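Everything on this sheet refers to the single structure shown next.
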Amino acid sequence: MDILERKESYLSRWSNGKELDERLKSFSEKFETWANQIPQKNLVTVFVLLDNLQYYSHSTTNSCLKELHVKMLKEHDVTDDNTIYVYIKSKDGQTNSSNDYWNEYKYINRINKHICFENMDAINENLWQYIQNIVFIDDFSGSGKSLTDELEKHPKRYENKNIFFVTICSMQISIDNIVRYCKEHDINYYPMTNEIHNKAFEQEYFENNQIAKDEITDMSRCLKIPDEEIMGFKKTQSLVVFYNNTPNNTLGFIRYDTDTYKSIFPRSNDPRPSWQTMNNRSIRRKNTNYKNKAVKKNGSV
Amino acid sequence: MDQYRILLALSYFKEKKGQYSISELMLILGFNNKQISELIEFLLNNSFLEYNDDILLVITDKGMTYLIANDGAEIELQAVGFLSHIAPEKAMPIDEPYVPKNFAKKFNR
């Protein structure tokens with residue numbers, strides 16, 4: 001298969017025959033240039049991995065959010081009186097992709113706004129006795145760490161409660177980790193996920209998984225991808241991309257940009273190289289200085 | 001509900017078609033989660049937006065009519081940029097004079 005045919009086959013599979021979204025249009029434009037960065041000897045292995053990459057479009061993720069909600073209501077005692085809907089905030093408190101999924105989940109499923117909480121700490125301690133179910137909504141769970149870290153913050157709060165983790169896709173290792181944590185802490189855990197994936201180099205994609213893994217590791221080092229990024233966060237070796245972001249669990253060469261290498265599905269909030277942040281800081285400093293001078297001159301803002 | 005932001009939101013959905021992001025819309029409007037939810041619910045409840053067969057939020061014919069009728073059809077989102085985060089419900093009335101900081105000190109000099 002030549003490079004253009006390969007590109008078309010990916011686009012056809014990932015778009016599901018629909019109009020290309022922005023990420024796929026960018027993929028289409030960049031594909032040949034990106035492939036030229038990959039050493040020739042590694043192309044076969046790289047393409048096998050791309051052949052098995054799962055791309056979730058906006059429409060697909062929204063369909064999943066709807067179906068998972070219907071399934072949850074059908075199989076469990078989840079009502080407005082005993083349930084709250086939340087998401088896991090990023091550590092720096094900034095808006096992240098989880099926020100988008102939580103919002104869309106609410107609108108699609110017409111969830112009562114009084115049981116949707118951006119901040120669970122706002123719920124009075126006395127009222128927790130009435131909440132039996134906590135529904136966390138997210139796009140992807142790679143290692144389960146984000147949920148277990150969240151549960152760890154208030155272990156007493158979640159004891160004997162039902163935790164539903166609604167995700168478009170989860171790694172098997174994530175489910176195993178969360179099950180283990182919840183068992184140790186008397187929490188009832190129900191994963192509500194559309195698909196469960198296993199690690200890329202523990203599948204049947206290659207005759208010899210270890211050789212393929214070593215090959216990708218060496219290739220990634222040549223591309224100057226940091227060691228901790230090569231196999232994804234917590235080495236989850238995921239092959240997942242969403243319409244609005246790429247999880248940091250996904251293999252590094254798919255989403256990690258360096259000064260010399262531009263990936264095919266860059267992650268939207270990876271740290272920028274210092275020469276970009278320096279420029280931003282310089283502009284901000286000039287703006288601040290200008291404003292300070294204006295205030296000094298006019299005595300007002 | 002702040003009409004300017006309603007028109008901006010409808011312009012956003014008109015321009016983006018199915019390729020929207022709620023987070024991006026929040027940045028453009030300077031809204032937090034509570035405010036964006038109130039706005040989206042308002043637009044859905046008034047049939048200015050709807051979920052289509054692909055389960056994507058899109059502007060309806062009624063939403064387009066509202067946009068055109070209120071001179072919102074020509075809004076260019078790129079020219080708007082990102083609005084500062086303010087609480088529209090706490091905005092000062094238009095006829096109340098705004099007194100700059102330290103104005104009295106300047107005046108009495």
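Keep in mind that the numbers below use all heavy atoms, side chains included, and drop hydrogens, waters and symmetry copies. Every chain is numbered from 1, with letters handed out A, B, ... down the list of sequences. Just so it is clear, the structure is predicted and the values come from calculations on it, not from any experiment.
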* **Approximate separation, where rounding is to 0.5 Å, of B/Tyr51 OH and A/Arg110 CZ** => 9.0 Å

* Structure fact -> From the list B/Asn33, B/Asn52, B/Ile36, B/Ile55, the residue making the most non-hydrogen contacts under 4.5 Å with chain A is B/Asn33

* Asked: If you draw a 6.0 Å radius around CG in B/Asp61, do more than 12 non-hydrogen atoms from other residues or ligands fall strictly inside?
  -> no

* Identify which of A/Lys106, A/Glu104, A/Glu19 forms the greatest number of heavy-atom pairs closer than 4.5 Å to chain B. => A/Glu104

* To do: Could you tell me whether B/Lys17 atom NZ has more than 12 heavy atoms of other residues or ligands within 6.0 Å of it?
  => no

* Asked: Nearest 0.5 Å, what's the CD-CG distance between B/Gln19 and A/Leu20?
  -> 9.0 Å

* To do: Heavy-atom distances under 4.5 Å only: say whether A/Asp21 touches chain B with side chain, backbone, both or neither.
  => both

* For atom NZ of B/Lys62, decide whether the heavy atoms of other residues, nucleotides or ligands shown that lie under 6.0 angstrom number more than 12. => yes

* Asked: Does the pair B/Ser21 and A/Tyr243 meet the rule for a side chain to side chain contact (heavy atoms under 4.5 Å, CB included), with working shown?
  -> CA-CA 10 Å; B/Ser21 156; A/Tyr243 72 94; 5.8 Å; no

* Calculate, to the nearest 0.5 Å, the distance between atoms NZ and CG belonging to A/Lys18 and B/Leu56 respectively. => 8.5 Å

* Looking at A/Glu22 and B/Lys16, does any basic side-chain N land under 4.0 Å from a carboxylate oxygen? -> yes

* Can you tell me how far CG of B/Asp53 sits from OG of A/Ser63, rounded to the nearest 0.5 angstrom? -> 10.5 Å

* Check whether B/Ile40 gets within reach of chain A through its side chain, its backbone, both or neither, counting any heavy atom under 4.5 Å. => side chain

* Could you check if a side-chain atom of A/His58 sits within less than 4.5 angstrom of a side-chain atom of B/Asp54, using non-hydrogen atoms only? => no

* Asked: Can you check whether B/Glu41 reaches A/Lys113 side chain to side chain, under 4.5 Å on heavy atoms?
  -> yes

* Asked: What distance separates B/Ile22 CD1 from A/Tyr101 OH, expressed to the nearest 0.5 Å?
  -> 12.0 Å

* Asked: Does a sphere of radius 6.0 Å around NZ in A/Lys30 hold more than 12 heavy atoms from other residues, nucleotides or ligands, not counting ones at 6.0 Å or beyond?
  -> yes

* **A/Asp100 side chain vs B/Ser23 backbone, donor-acceptor pair below 3.5 Å** => yes

